[in-house]
Number of protein chains: 2
Amino acid sequence: MVDHQYAFKQFTDYLRSEGKSITPERLDILDLVLHEKGHFRIEDVIRKNERVSRATVYRTLKTIEDAGLIKYIRTIHDEKIFEVVKEHHDHMICEVCGKIIEFHDPELESLQNDICASRGFSPTRHTMKIFGICPACQKRRSQENTPA
Amino acid sequence: MVDHQYAFKQFTDYLRSEGKSITPERLDILDLVLHEKGHFRIEDVIRKNERVSRATVYRTLKTIEDAGLIKYIRTIHDEKIFEVVKEHHDHMICEVCGKIIEFHDPELESLQNDICASRGFSPTRHTMKIFGICPACQKRRSQENTPA
DNA sequence: AAAATAATTGAGACTGATTCTCAATTATTG
DNA sequence: CAATAATTGAGAATCAGTCTCAATTATTTT
């Protein structure tokens with residue numbers, strides 16, 4: 001879970017620092033986004049918030065992204081999927097059921113930094129996606145191949 | 001460089017195995033793609049091959065991708081960039097000049113496998129992108145900040 | 001708190017990328 | 001070579017995302 005209070009403060013601070021207005025539309029969308037469990041698509045936000053226009057949803061999601069509160073990844077099918085930014089983490093994506101599993105590994109992070117350093121590249125951020133089959137789908141598959 | 005001869009064989013084998021026809025359009029596009037240095041965009045292929053229709057370029061690039069000969073990544077600006085598949089590698093992407101640097105690190109690969117194993121996830125492939133500033137742009141920047 | 005100013009919104013037009021349709025063409029098979 | 005199956009091209013259609021601009025709302029100024 002994300003601290004909503006804190007997220008709202010971060011967002012309004014960001015808006016003020018950029019000379020942008022604090023509007024009910026923006027707060028509504030942030031609220032909706034914070035209540036999303038896990039990952040969500042833009043269409044979800046548009047559908048669940050008919051009061052706000054499609055254009056404003058797009059604009060506002062980009063603003064919230066610029067504020068550093070959400071980010072997106074691409075699924076196997078190239079769908080844009082948003083998520084609320086928590087601590088940094090990477091993703092495992094199941095190619096069978098589409099499930100997205102988050103993970104974080106400090107060793108991986110430091111190894112990445114080493115690799116960059118050895119090449120004179122100055123990293124700011126990274127994304128890593130591992131595609132494969134999640135435990136549940138592996139189990140289901142092995143059951144299907146061994147019928148009663 | 002990629003062995004063209006071998007790539008053509010792989011492609012025609014793939015087509016045959018899928019019951020697909022071997023057409024001049026498909027071979028032309030594969031040929032063009034193999035001659036691309038590094039990374040290319042779909043529009044490049046369409047422009048350089050006016051004999052073949054836009055629709056067929058799209059269809060054929062997907063076919064070549066399915067055959068495992070090319071793949072694509074997304075840049076910072078969400079552009080689709082294709083590349084010929086060589087040995088597996090990951091990418092560093094410069095946020096200043098857009099340059100794409102390929103790298104491969106066996107330690108990274110085995111660490112990824114360990115991480116998956118510990119979570120019961122069976123990996124098939126992965127993508128990793130590190131965004132940051134390339135050596136050339138770092139140098140250029142530091143020069144700009146220290147004028148003569 | 002009203003006026004003046006600046007930013008935002010909504011509706012729908014627009015764009016660019018990609019997919020679809022289907023008749024005409026070309027490859028494959030027997 | 002004829003019959004069959006797959007592919008192609010041209011343009012229509014779709015889709016996500018952006019843009020326009022007048023009307024509305026937030027912010028700042030007096």
Side-chain angles (χ1 to χ4, degrees), chain A residues 8-9 11-33 39-67 69-83, chain B residues 8-9 11-33 36 39-67 69-83 98:
Chain A
F8 270 95
K9 180 171 179 347
F11 188 46
T12 52
D13 283 354
Y14 170 80
L15 292 176
R16 264 187 285 265
S17 76
E18 294 283 312
K20 292 176 186 298
S21 304
I22 295 166
T23 67
E25 287 82 1
R26 286 179 174 158
L27 298 180
D28 278 8
I29 292 176
L30 177 60
D31 189 59
L32 201 155
V33 153
H39 303 85
F40 60 91
R41 288 164 304 136
I42 293 179
E43 277 309 313
D44 298 337
V45 180
I46 293 169
R47 247 184 269 110
K48 289 185 181 175
N49 206 340
E50 299 196 349
R51 207 182 61 66
V52 179
S53 74
R54 165 178 306 268
T56 296
V57 169
Y58 273 98
R59 287 189 281 236
T60 303
L61 285 179
K62 181 159 291 171
T63 306
I64 298 176
E65 189 189 346
D66 291 343
L69 292 167
I70 59 176
K71 64 179 179 180
Y72 68 85
I73 59 174
R74 295 260 177 190
T75 68
I76 334 163
H77 307 299
D78 237 12
E79 270 186 315
K80 225 175 182 170
I81 299 279
F82 276 92
E83 65 181 21
Chain B
F8 271 95
K9 180 171 179 350
F11 188 45
T12 52
D13 284 354
Y14 170 79
L15 292 176
R16 264 187 285 267
S17 75
E18 295 283 314
K20 293 178 186 296
S21 304
I22 294 166
T23 67
E25 288 82 2
R26 285 177 175 158
L27 298 180
D28 279 6
I29 292 175
L30 177 60
D31 190 58
L32 201 155
V33 153
E36 286 292 336
H39 303 85
F40 60 93
R41 288 164 303 135
I42 293 178
E43 277 308 313
D44 299 335
V45 180
I46 293 169
R47 248 183 271 111
K48 290 185 183 176
N49 205 339
E50 299 197 348
R51 208 184 60 67
V52 180
S53 75
R54 169 175 302 270
T56 296
V57 170
Y58 273 98
R59 287 188 282 234
T60 303
L61 285 179
K62 182 160 290 167
T63 306
I64 298 176
E65 188 189 346
D66 291 344
L69 292 167
I70 58 175
K71 64 179 179 178
Y72 68 85
I73 59 173
R74 294 260 177 190
T75 68
I76 336 161
H77 307 299
D78 242 12
E79 271 186 315
K80 228 174 180 171
I81 299 278
F82 276 92
E83 66 181 20

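Chain identifiers are assigned alphabetically (A, B, ...) following the order of the sequence lines, protein sequences preceding nucleic acid strands; residue numbering begins at 1 within each chain.
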Reckon A/Arg16 touches a base, only the sugar-phosphate, or nothing at all at heavy-atom distances under 4.0 Å?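 No contact.
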Starting at atom [atom1] of [X], determine the distance to atom [atom2] of [N], rounded to an integer number of angstrom.
X       : N      : atom1 : atom2 : answer
B/Ile64 : D/dT7  : CD1   : P     : 14 Å
B/Leu15 : D/dT7  : CG    : P     : 8 Å
B/Phe82 : C/dA17 : CZ    : C1'   : 12 Å
B/His77 : C/dA17 : NE2   : P     : 15 Å
A/Glu18 : C/dA6  : CD    : C1'   : 16 Å
B/Ile46 : C/dA17 : CD1   : P     : 9 Å
A/Glu43 : D/dT14 : CD    : P     : 16 Å
B/Tyr72 : C/dA17 : OH    : P     : 15 Å

Side chains of [X] and [Y], heavy atoms from C-beta outward: is any pair under 4.5 Å?
X       : Y       : result
A/Leu15 : A/Thr63 : yes
A/Phe82 : A/Val33 : no
B/Asp28 : B/Thr60 : no

Should B/Ser53 be listed as having a side-chain N or O under 4.0 Å from OP1 or OP2 of D/dA10?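 Negative; the distance criterion is not met.
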Please enumerate all protein N or O atoms sitting under 3.5 Å from an N or O of nucleotides 24-30 of chain D, with distances to 0.1 Å.
from: D/dT27; atom 1: OP1; to: A/Ile22; atom 2: N; distance (Å): 3.1

Notebook entry, point to check: Measuring from B/Leu32:CG to B/Arg47:CZ, what's the distance to the nearest 0.5 Å?
Noted result: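 These two atoms lie 12.0 Å from each other.
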Query - Separation between CZ of B/Arg74 and CD1 of B/Ile81, rounded to the nearest 0.5 Å - result: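 Going from CZ on B/Arg74 over to CD1 on B/Ile81, the span is 10.0 Å.
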Exercise for review: From the options C/dT9, D/dG9, C/dG10, select the nucleotide whose nearest atom is closest to the side chain of A/Val52.
Suggested key: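 Looking only at heavy atoms from C-beta outward on A/Val52, the closest nucleotide is C/dG10.
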Using atom types as modelled and distance alone, determine if a side-chain donor or acceptor of A/Thr12 lies under 3.5 Å from a backbone N or O of A/Lys9.
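Such a contact is found between A/Thr12 side chain and A/Lys9 backbone.
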Task: Pairs touching residues 58-67 of chain A that satisfy salt bridge (Lys or Arg N to Asp or Glu O under 4.0 Å), sequence neighbours left out - done: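 For residues 58-67 of chain A: none.
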| said: Tell me whether the count of non-hydrogen atoms from other residues, nucleotides or ligands lying under 6.0 Å of NZ in A/Lys80 goes above 12. | reply: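 More than 12 heavy atoms, drawn from other residues, nucleotides or ligands, come within 6.0 Å of this atom.
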### Query
Got a sec: does the CD of A/Glu18 have more than 12 other heavy atoms crowding it under 6.0 Å?
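More than 12 heavy atoms, drawn from other residues, nucleotides or ligands, come within 6.0 Å of this atom.
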Contact list (N/O, under 3.5 angstrom) for nucleotides 17-23 of chain D vs protein:
from: D/dG17; atom 1: OP2; to: A/Tyr58; atom 2: OH; distance (Å): 2.8
from: D/dT18; atom 1: OP1; to: A/Lys62; atom 2: NZ; distance (Å): 3.1

